[in-house]
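Notes follow once the structure below has been shown.
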Amino acid sequence: MTQTSTLQYEAPWPVCALDWCKSSPPGQSSRPRSAFRLAIGSLTDDYRNRIAIIGLQDERVLVEDDYTEYPDFVTLVEAQHGYPATRLQWQPSTANSFAWSQKSANAELLATTGDALRVWEYSSDGSSASVGSYVGRNVGTGGHQLTLKTALSGQSKVQNNNTGAPLTSFSWNEKSPSLIVTSSIDTTCTVWNIDTSTAITQLIAHDREVYDVAWLPSSTDIFVSVGADGSLRAFDLRSLEHSTILYETPAPKNMPPPTTSPSSSARPPTSPLLRIAFDPADSNYMSTFHMDSSDIQILDMRSPGQPVMELKAHRAQVNTLGWSSTDSQLLATAGDDSQLLLWDLAPHTHTPSASPRNASTGLSSPRPDVKKRTLTDPVMAYTGASEIASLAWSPHISSMTMNTGHSTAPGEWIAVAMGKSIKALKV
């Protein structure tokens with residue numbers, strides 16, 4: 001019996017946003033199908049964008065090859081989204097045990113950003129996971145509901161109109177799943193309590209647009225952001241009067257001297273930073289990349305100012321990156337060269353015990369200057385049919401036994417979006 005190593009899905013529209021479910025729906029943890037659910041968002045240049053949840057057509061596609069004439073995934077449910085979703089995430093795995101005041105007990109939450117932060121409730125009656133589903137049947141016909149729970153767009157601190165400016169991204173807090181921080185093109189970040197649908201705080205985070213934001217793992221106070229001003233900054237909700245600049249992109253070489261007297265806040269133009277992500281296995285480390293760049297920078301909070309590693313193997317601009325949720329320190333990167341590259345950073349990182357976190361700030365104490373390493377050898381490479389716009393890791397999926405008696409191999413998967421095609425690859 002061969003184990004399937006790739007699954008695929010053709011969407012009716014180009015896919016820009018993608019996420020893999022982090023946990024099983026309440027009461028369905030034993031079903032292989034429940035671990036293979038993806039949320040996707042469209043990218044069309046009108047106000048008719050969609051988000052959808054897709055799931056396995058039949059669990060037997062995981063262990064048998066003779067279902068190739070059918071799609072591996074089918075649409076379970078979809079909803080209108082207006083503008084494209086700039087980011088889309090399933091609830092953190094901690095959300096099922098969180099004491100929500102508003103959420104239905106058997107529902108799961110998704111969140112999206114665009115012109116607002118939207119929180120969605122997804123529920124399925126479980127019937128589509130029954131033994132009776134047969135290949136070729138569209139399981140999206142019944143039992144699945146995706147409903148808009150709340151849309152949050154606060155008053156902007158820096159704009160006079162009543163609606164908030166477009167949101168570029170968000171980060172969902174794992175320790176306290178009621179907290180989401182969003183980033184906006186109006187230079188601000190906003191921390192929301194999605195259980196009470198209120199904005200906790202909004203701060204001017206950067207000199208220009210903010211493109212991405214991430215909570216420090218296991219913290220409910222500290223988050224970092226990157227933006228068009230080329231800086232990576234850390235904020236602490238307990239002391240918002242100042243921020244810490246952890247990294248600034250170098251100014252371009254051969255810059256002409258300023259023609260006018262520089263203002264106190266003026267900086268030479270630098271390359272925007274587009275994405276930021278913490279290593280879940282060691283949250284001292286973060287990954288980011290510059291606009292139009294084929295390299296990835298790995299930064300260490302203990303030695304701010306310059307990258308400790310640079311990953312160089314892509315042949316065109318990088319579009320997306322993501323860390324494995326396990327302790328493996330695997331980083332996936334993908335871009336316009338149609339390549340998905342997997343990097344093993346464990347041999348190159350120092351043990352986190354070498355630098356204990358400061359109990360008062362949650363940040364690590366500095367470490368001596370570290371010479372930057374350049375890595376050029378990923379441990380895995382996959383070349384897709386076209387440019388890869390986004391990727392998503394699955395959590396570690398345990399081995400599961402099906403009704404046929406076959407068992408699936410345990411492990412992780414990575415899904416990538418290329419135009420209208422989604423491919424899920426076994427790591």
Show the nearest heavy-atom pair for residues [X] and [Y], with the distance to one decimal.
X	Y	answer
A385	S338	C-OG, 4.5 Å
P395	W20	CD-CD1, 3.9 Å
M400	A35	CE-CB, 4.2 Å
A214	F278	O-CE1, 3.8 Å
S231	E248	CB-CG, 4.0 Å
T44	N49	N-OD1, 2.8 Å

Quiz item: Is the CZ atom of F98 crowded by more than 12 outside heavy atoms at less than 6.0 Å?
Solution: yes
Practice problem: Mark yes when over 12 heavy atoms from residues, nucleotides or ligands other than Q145 sit less than 6.0 Å from its CD; otherwise mark no. | Solution: no
Practice problem: Establish, for the pair R302 and Y285, whether the NZ or CZ atom is under 6.0 angstrom from the six-membered ring centre and no further than 45 degrees off its axis. | Solution: yes
Practice problem: Before accepting this row, confirm whether a basic side-chain N of the pair R208/D229 lies closer than 4.0 Å to the acidic partner's carboxylate O. | Solution: no
Exercise. In sequence, state the C-alpha distance, the side-chain angles, and the governing distance for N173 and T220, and then conclude on side-chain hydrogen bond (donor to acceptor under 3.5 Å, both in side chains).
Key: CA-CA 7 Å; N173 194 289; T220 56; 5.6 Å; no
Could you tell me the separation between the [atom1] atom of [X] and the [atom2] atom of [Y], rounded to the nearest 0.5 Å?
X	Y	atom1	atom2	value
Y382	Q339	OH	CD	11.5 Å
M291	L273	CE	CG	10.0 Å
L391	I422	CG	CD1	12.0 Å
L331	T333	CG	OG1	6.0 Å

Quiz item: Would you call I298 and L345 a side-chain contact if the rule is heavy atoms closer than 4.5 Å?
Solution: yes
Exercise. Please examine the side chains of S225 and S183, heavy atoms only from C-beta on, and report whether any two atoms are closer than 4.5 Å.
Key: no
Exercise. For T86 and T168, run side-chain hydrogen bond (donor to acceptor under 3.5 Å, both in side chains): C-alpha distance rounded to whole Å, both residues' side-chain angles, the deciding distance at 0.1 Å, then the answer.
Key: CA-CA 6 Å; T86 53; T168 52; over 6 Å; no
Quiz item: Picking from D72, L56, I40, V74, what satisfies side-chain contact (heavy atoms from CB on, under 4.5 Å) with Y9?
Solution: I40
Exercise. Could you go through the side-chain hydrogen bond (donor to acceptor under 3.5 Å, both in side chains) check for R87 and S169 one step at a time?
Key: CA-CA 5 Å; R87 192 75 181 261; S169 188; 2.7 Å; yes
Self-check item: Single hit among K149, K22, R37 for salt bridge (Lys or Arg N to Asp or Glu O under 4.0 Å) with E108
Solution: R37
Practice problem: Let me see the working for S325 and W393 under side-chain hydrogen bond (donor to acceptor under 3.5 Å, both in side chains), right down to the final yes or no. | Solution: CA-CA 8 Å; S325 60; W393 283 84; over 6 Å; no
